[in-house]
Amino acid sequence: MRVLLVTHYFPPETGAPQARLSSLAAIWAADGDDVTVLTGMPNHPTGVKPPAYRRAIRRRERRDGYRVVRTWLYATPNEGVARKTLGHLSFLASAVLLGARPSGPADVVVVSSPTFFSIGAGWALARLKRARLVVEVRDLWPAIFSELGVLTNGPLLRALERLELAAYRAADDVVVVSDGFRANLIARGVPAGKVHTIRNGANVSQFTPGRGASPAVRGRLGAAPGDCLVLYAGTHGIAQGLSGLADAGAALAADPVHIALVGDGADKARVARRVAESRAGNVSMLPGVPHEEVPDLLAAADICLVCLRDVPLFATFIPSKMFEYLAAGKAVIGAVTGEAAAILTEAGARVVPPGDPAALAAAIRELAASPATRRKMGERGRRYVEAYFDRAALARQYRKLLEGPRRHG
């Protein structure tokens, strides 16, 4: 099958969508499909293009058995609604105008959202190529903006919601990453038969539980000899609520515990200010690392954290980083609710209420004092992710959906 995957985000950028989509492309290509990825010039989250991509209008590349076609876009940091929207719209236009011909023929176009406006490019390309259209929904846009208070203009939100539902109607199938997302779409009128849940997972073969921790990596993360190293590795955005980690760190000031926050995002500067204000000397902040370095990073940790803000909509969200934590055989603490909390509980992880630094500190203190408990949690979590969240198995489940009937002309 000829598959065209359209996405605003792609490696060498780092992040959950980049990891998910590059793995899907590699697995489908390895299984014999002719896969092309149509994306923009890398710049997320800083808005700075690597030197090799500056002034480029279009680029063709090859990686892991599939083709990559990149088109120009307006590069902007991951902050500021107006500039980000302009960047998103620029990729919509360039993907169609600059990418339609070099991306070649396709039997199916898979477009991943966010960014929301990429769906417009996917729809136009599917029509031009007379291909099936599969829309993948990784976040509920624009609902998330309303919940977080980023957009408060009622008429604008309603207009965006109408566009969102029109996009789902235009798709032959819709793929979501949680059952909560699926229920949300069905409740708003999207036919149940065209909405399918394919959750995120982990490339379990990339992680070796029990491997020795590198003293050099632990040192870079700020841990002293004898410290229990607690790691958050991922997006520092307004959805994660990471400021509470500063308060948890302050509560653990007398304990042999160090908390490391690794990653980038729109809320990182505010989190850094909160860490400084709290005088939490046992909390360090570091930039994100390439995805190929994540196994070494996780191997250095004793406990891994996953966090979301205490917002009702987030009960439907499942942070993808938690699957890699489990695959690495780490003890995991989740400050989450809903579907993510249920998965972590089944995997043997510890769950605490979001937005409760005291409860988080207590859970960290308890696990820091018991290496045996951490080891048992890690072993159980690894078995769980192997059984239910192996990314290769999920990619092949996803691939079967691509062969479905074309519902639109």
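Note that the numbering runs from 1 along the sequence shown for the chain. Heavy atoms only: backbone and side chains are in, while hydrogens, waters and symmetry mates are out.
For Asp296 and Arg220, the salt-bridge test fails: no basic side-chain N is under 4.0 Å from an acidic carboxylate O.
When Arg138, Arg20, His8 are each tested for a side chain to side chain donor-acceptor pair (under 3.5 Å) with Ser112, only one passes: Arg138.
Listed by chain and residue number, nothing satisfies the ring-ring contact (aromatic ring centres under 6.0 Å, His included) test with Tyr53 (two or more places apart in sequence, or in another chain).
A donor-acceptor pair is defined here as one N or O able to donate and one able to accept, closer than 3.5 Å; no such pair exists between the side chain of Lys376 and the backbone of Pro371. Side chain of Arg374 to main chain of Val332: no donor-acceptor pair is present (N/O by atom type, distance under 3.5 Å, no hydrogens or angles). Here the side chain of Arg59 pairs a donor or acceptor atom with the backbone of Ala52 at under 3.5 angstrom.
Counting heavy atoms from C-beta outward, Tyr232 and Leu242 have side chains that approach closer than 4.5 Å. Arg63 places a side-chain heavy atom less than 4.5 Å from the side chain of Pro11. Counting only heavy atoms from C-beta outward, the side chains of Asn43 and Val48 never approach each other to under 4.5 Å. The side-chain heavy atoms of Gln240 and Asp267, taken from C-beta on, include no pair separated by under 4.5 Å. Two residues are said to be in side-chain contact when any heavy atoms from C-beta on lie closer than 4.5 Å; Leu165 and Arg188 meet this criterion. Annotation: side chain of Glu136 is in contact with side chain of Tyr398 (closest heavy-atom distance under 4.5 Å).
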- Tell me, with the steps shown, if Arg396 and Asp390 meet salt bridge (charged side-chain N to carboxylate O under 4.0 Å, His left out). CA-CA 10 Å; Arg396 292 179 179 116; Asp390 182 345; over 6 Å; no
- Message: Does Glu61 form a salt bridge (charged side-chain N to carboxylate O under 4.0 Å, His left out) with Arg67? I'd like the steps, not just the answer.
- Response: CA-CA 6 Å; Glu61 303 169 354; Arg67 293 183 299 278; over 6 Å; no
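Annotation for Tyr74: atom OH counts as buried by contact number, over 12 foreign heavy atoms lying within 6.0 Å.
Note: Gln18 CD to Glu13 CD = 5.0 Å, rounded to the nearest 0.5 Å.
Using bins of under 30°, 30° to 60° and over 60° for the plane-to-plane angle, the ring pair Phe10/Tyr66 lands in the perpendicular bin.
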